[in-house]
Amino acid sequence: MTEKNTLIEKTDICVIGAGHAGCEAALAAARLGLDTVIFTVSVESIALMPCNPNIGGSSKGHIVREVDALGGEMGKNIDKTFIQSKMLNTSKGPAVHSLRAQADKADYSKRMRMTLEEQDHLTIKQAEVCELLWEDEPVKRITGVRTYTGTTYLCKAVVICSGTYLNARCLTGEAITYTGPNGLMAATHLSDSLKEMGISLRRFKTGTPARMDGRSLDYSKMEIQNGDERIVPFSFSTDPDSVQKDQVPCYLTYTNEETHKIIRENLDRSPLFAGVIEGTGPRYCPSIEDKVVKFPDKKRHQIFIEPEGLSTNEMYLSGMSSSLPEDVQVRMYRTVPGLENCKIVKNAYAIEYDCIDPNQLYATLRFKNVEGLYAAGQFNGSSGYEEAAGQGIIAGINAAMSVLGKEEIVLDRSQAYIGVLIDDLVTKENFEPYRMMTSRAEYRLLLRQDNADRRLRKIGHDVGLVSDEEYDAYLKKEELIDKEIDRIKNVYLGAAKENQDILAGMDSAPISKSTSLAELICRPELDYRKVALLDPERPDLPDAVIDQVEIEIKYEGYIERALRQVKQFKKMEQKLIPEDINYDDVESLRIEARQKLKALRPVSVGQASRISGVSPADISVLLVYLSSR
Amino acid sequence: MINDTIAAIATPAGNSGIGIIRVSGEDAKAVVDRIFVDPKNVHILSSMESHTIRYGFLLDGEDTVDEVMVSFFKGPKSFTAEDTVEINCHGGAFVLNKALELVLKNGARLALPGEFTKRAFLNGRIDLSKAEAVMDVIASDSEISLKNSLFQLRGSVFLKIKELRDDILHEIAYIESALDDPEHISFDDHKEEFEKKLNESLNAVDEMIVSSDNGRIIKDGIRTVIAGKPNAGKSSLLNLFSGSDRAIVTDIAGTTRDIIEERIKLDDITLCLTDTAGIRQTDDPVESIGVNRARQYLDNADLILFVVDSSVALDENDLEIKDLLKGKKSIVLYNKSDLEPVVSIEDIRALIPDACVIRTSALSGDGYEEFKNAVKDMFIKGNIDVGNEIIITNLRHKEALKEASDSLKNVKDSLDNSLPEDFYTVDLMNAYLFLGSIIGEEVDDDLVNKIFSEFCMGK
């Protein structure tokens with residue numbers, strides 16, 4: 001760092017990092033009218049997708065919808081740049097339907113960069129932030145950042161979204177480079193500044209498979225994987241008709257015993273197994289060597305071959321990430337049908353990086369010990385573009401709210417997957433990069449991708465990120481849904497012969513007494529669209545409205561049960577614990593519980609109850625203590 | 001959770017003369033009203049004034065469970081400051097537990113350790129300065145309860161529950177991993193197997209619930225009823241076995257009008273011995289109550305001791321008792337064997353072909369050893385093998401098992417209604433948690449760990 005540069009700039013908010021978290025955070029802050037600078041080590045890497053070429057997927061698709069409902073950008077951006085789209089789990093219940101789109105990576109990056117560039121109040125700055133500036137009195141509070149070139153940016157809030165760049169190193173067998181993802185420059189100074197502030201760091205690891213030259217692959221030996229016929233957009237603001245377009249296929253092939261043999265024979269050269277890697281890796285996207293070792297009985301593993309975009313012939317090998325040396329990679333990949341003559345453009349690698357234990361954060365994503373300092377994305381120990389974006393928009397909103405002197409927002413576990421994600425991060429023990437899973441959401445029947453707008457549009461509008469126009473469109477949709485539900489609950493059919501014939505034609509039992517359309521829709525073999533023949537008065541409604549009507553009617557009993565559980569849950573969330581509580585005064589707490597509570601300082605009794613090591617009896621004790629104060 | 005209705009036995013364990021079941025919460029009155037009637041068979045609780053007490057019966061459907069006094073305390077003038085009903089039962093662990101189960105069946109939830117005290121405190125009934133003490137009560141009650149609970153769990157039960165939990169968690173993990181990674185893992189091929197496994201788990205849980213009755217035999221003793229026509233010598237035999245003079249013994253037929261419960265140890269098993277009013281037709285209203293209750297006791301008994309007065313001819317009373325023995329374990333006590341016999345052992349065998357007959361004399365003490373051995377043969381070596389069975393002895397465990405069973409039945413319903421498998425997991429998880437509450441295990445990251453350790457996920 002140069003000492004001679006005395007340039008000082010002033011702004012409201014600094015966002016460190018321009019990945020998926022940083023972009024959402026910076027856009028949210030700027031859109032709320034605050035002057036914002038977003039720092040990136042390279043403007044070419046704005047909204048970079050350094051791993052899989054898709055957005056969404058099981059439960060992640062839900063998060064994208066939620067970001068969109070709050071007024072974020074990810075959904076809109078992927079709607080403009082996808083090259084294939086698929087709704088997953090359509091044969092399952094509505095709660096687990098999940099949208100996933102293959103992205104044109106370069107286009108995705110480019111369009112997001114354009115959005116940032118066009119945003120008022122937002123400045124892009126290519127610079128490495130090396131130092132955080134703060135004051136200790138009267139309370140520890142962030143005052144600015146300093147870059148590698150010595151310029152100081154004074155500001156009122158900082159959002160750290162450094163992804164996998166902090167002290168990053170990449171490993172391909174014996175070859176180690178001290179770079180960030182995709183060969184980009186790592187950020188090597190900020191970690192020290194964080195430690196100096198009293199923030200503790202840990203080391204995580206993740207990995208990515210090789211990219212192949214598409215011309216070297218033989219697709220005739222693979223199964224083709226097409227997108228859906230009717231494409232559903234991610235964004236509630238995107239007109240569904242505008243996204244119906246030609247799609248690019250993916251392909252499916254498999255590893256075999258020969259592949260596994262090569263891997264087994266070379267495990268000693270894998271940095272993962274040789275103990276060179278110290279960081280903890282995610283279990284849900286294991287490297288191929290992990291899979292072969294952990295599941296020795298599996299004769300083959302699926303490999304999806306996915307295009308990286310329209311302007312490149314690079315193909316991504318989903319399911320075969322690895323940190324084996326290059327020569328082993330080539331031999332291993334070439335045993336897979338269709339990959340016999342493959343040429344690797346980019347080697348697979350593992351990456352290690354510094355991140356924080358997110359228990360140091362409030363659910364607002366602000367550091368508990370530093371006012372004005374927020375964090376989001378992989379820096380918080382999560383993983384995935386969507387998880388990053390979900391935290392990014394919340395951190396951005398709250399940084400802005402703190403500057404504006406307004407109340408910060410927290411989504412709870414009954415409101416959004418984003419709420420589950422952040423609560424898990426800030427409350428639970430977390431030993432690996434955190435990935436969202438549908439099983440993590442206890443109220444998932446309520447947290448569907450189709451109703452993200454019903455859950456969050458109002459919050460987005462109240463905050464100021466959802467425009468009046470978008471909000472009016474949402475209100476109109478709500479009205480249509482309510483009216484239609486009311487209508488079909490009140491349209492009754494008699495036992496007339498033509499009705500019975502139509503029912504018989506759908507293998508459904510005849511009706512014996514006057515029956516409402518709603519009751520018919522509840523039958524397992526029927527649904528809203530199927531009973532159209534019995535419903536001549538039906539208005540013409542958009543698919544998104546029909547889906548809501550159908551789900552609300554068909555699963556009414558289950559939804560009501562979930563709502564009752566939420567009511568119980570909220571009671572405990574609303575019992576707040578005063579910040580100045582001294583757990584040493586609560587003598588009846590068990591020692592383990594007291595230590596955990598002291599360390600984590602939960603904001604509510606509900607949050608306290610989710611800390612591992614705090615028992616129901618400890619919670620009772622806590623309740624008694626709180627009411628005696 | 002604050003206002004739901006809770007119930008528990010409020011008196012210390014043991015065979016005190018009277019046991020109290022306390023019911024507290026919004027629905028306390030409604031819950032007990034469903035099962036309590038006055039002697040005219042009228043449900044009177046809803047019209048009871050606060051701080052009054054009434055006499056009547058606890059009914060389980062048609063059956064009378066106990067003769068009780070019920071008092072009602074309207075909140076906030078009660079211990080917990082909530083509407084509270086107290087049921088004063090006749091002592092005896094068995095009757096008390098049965099009454100509590102009945103209350104739970106009718107809408108109350110079993111109170112957590114220290115919960116009455118906690119509510120009393122939170123509702124302002126206990127002085128703020130006592131907060132410290134209240135917290136201690138909650139903490140120590142929880143600890144004691146957990147210790148007791150684990151102590152009462154036999155190793156075999158512990159293992160069985162662990163195994164069941166593991167099976168259930170595996171199924172949840174299967175479903176969830178397929179939902180999370182539908183392109184790598186498919187649940188469809190597993191559906192038939194799943195249904196089979198579900199039924200197995202459900203059966204196992206239900207069997208454990210049934211076994212709680214055998215568990216009770218170990219913990220609370222073998223429910224034994226002495227039956228016989230008036231003046232056959234039942235009470236004096238009871239005195240002989242128990243070595244006390246609790247029952248009133250006279251020579252006037254019909255002097256035992258109350259039900260007397262006595263626990264006697266026969267080496268390592270306990271008989272929970274009840275003397276009943278002699279079974280006979282009667283017009284005396286007080287005695288007829290006793291006779292009816294005696295019949296109910298016979299229905300619930302594990303073992304019936306049929307006392308035959310060998311000095312008097314068999315009559316229709318004996319024939320009636322004989323009919324009540326059907327399908328029950330029984331021992332015929334050929335009593336007053338020191339007197340000149342009018343009835344022979346052969347006569348008894350003619351009446352009850354497979355009868356186990358033992359000569360007894362309350363006067364000389366003859367037959368005690370033989371009797372003891374017969375009981376042990378019947379319950380230990382014999383037909384009920386209490387040694388290896390999965391046995392549940394704790395009511396809290398039983399309640400948790402019932403909840404687990406209900407949750408698994410919900411999964412079955414979802415299956416029957418062709419709902420997709422993501423609807424199963426909430427109920428499966430509930431079953432898993434209820435089972436976990438028995439062995440004191442929390443869920444936390446179990447599921448995620450299971451998913452990753454057993455299913456090969458992802459990109």
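All chains are named by letter (A, B, ...) in the order of the sequence lines, taking the proteins before the strands, and each is independently numbered beginning at 1. Quick caveat, the model's predicted, so the values are computed rather than measured.
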Worksheet item: So which of A:Gln565, A:Met436, A:Arg444, A:Lys554 has the largest heavy-atom pair count under 4.5 angstrom toward chain B?
Response: A:Arg444
Practice prompt. Supply the atom-to-atom distance A:Leu626 CG to B:Leu122 CG, rounded to the nearest 0.5 angstrom.
Written response: 10.0 Å
Discussion item. Under 4.5 Å from any heavy atom of chain A, what part of B:Ala178 do you find: side chain, backbone, both or neither?
Written reply: backbone
Item to complete: Report the distance from atom CG of A:Leu623 to atom CZ of B:Phe121, rounding to the nearest 0.5 Å.
Response: 10.5 Å
Worksheet item: Do NZ/NE/NH1/NH2 and the carboxylate oxygens of A:Arg440 and B:Glu176 come within less than 4.0 Å?
Response: no
Worksheet item: Are the side chain of A:Gln302 and the backbone of B:Glu183 linked by a donor-acceptor contact shorter than 3.5 Å?
Response: yes
Fill in: Toward chain B, the part of A:Leu622 with a non-hydrogen atom under 4.5 Å
neither
Discussion item. So, applying side chain to side chain contact (heavy atoms under 4.5 Å, CB included) with A:Ser439, which one of B:Ile172, B:Asp422, B:Leu179, B:Asp180 is it?
Written reply: B:Asp180
Discussion item. Nearest 0.5 Å, please: how far is CD1 in A:Ile303 from NE2 in B:His184?
Written reply: 7.0 Å
Discussion item. As an exercise, state the distance from CG of B:Asp181 to CG of A:Leu88, rounded to the nearest 0.5 Å.
Written reply: 9.5 Å
Worksheet item: Just checking, any donor-acceptor pair under 3.5 angstrom between side chains of A:Arg523 and B:Ser418?
Response: no
Worksheet item: Using non-hydrogen atoms only, which part of A:Lys92 is less than 4.5 Å away from chain B: side chain, backbone, both, or neither?
Response: both
Practice prompt. Quick one: do A:Arg561 and B:Asp427 satisfy salt bridge (charged side-chain N to carboxylate O under 4.0 Å, His left out)? Show the steps, please.
Written response: CA-CA 11 Å; A:Arg561 201 170 123 193; B:Asp427 289 312; 2.4 Å; yes
Worksheet item: For B:Leu112, is it the side chain, the backbone, both or neither that has a heavy atom under 4.5 Å from a heavy atom of chain A?
Response: neither
Worksheet item: Checking heavy atoms, do the side chain of A:Glu306, its backbone, both or neither come under 4.5 Å from chain B?
Response: neither
Worksheet, complete the sentence: In this structure, OH of A:Tyr558 is separated from CG of B:Leu419 (nearest 0.5 Å) by 4.5 Å
Worksheet item: Non-hydrogen atoms of chain B under 4.5 Å away: do they reach the side chain of A:Thr208, the backbone, both or neither?
Response: neither
Worksheet item: Should we say atom CD1 of A:Ile224 is surrounded by more than 12 heavy atoms from elsewhere, each under 6.0 Å from it?
Response: yes
Response to the item:
Cut-off 4.5 Å, heavy atoms of chain B, and the answer for A:Ser620 is both
Fill in: B:Asn410 versus chain A, the contacting section by heavy-atom distance below 4.5 Å
side chain
Worksheet entry | Under 4.5 Å from any heavy atom of chain B - which part of A:Lys567 | neither
Response to the item:
Turns out that what part of B:Ser177 lies under 4.5 Å from chain A's heavy atoms comes down to neither
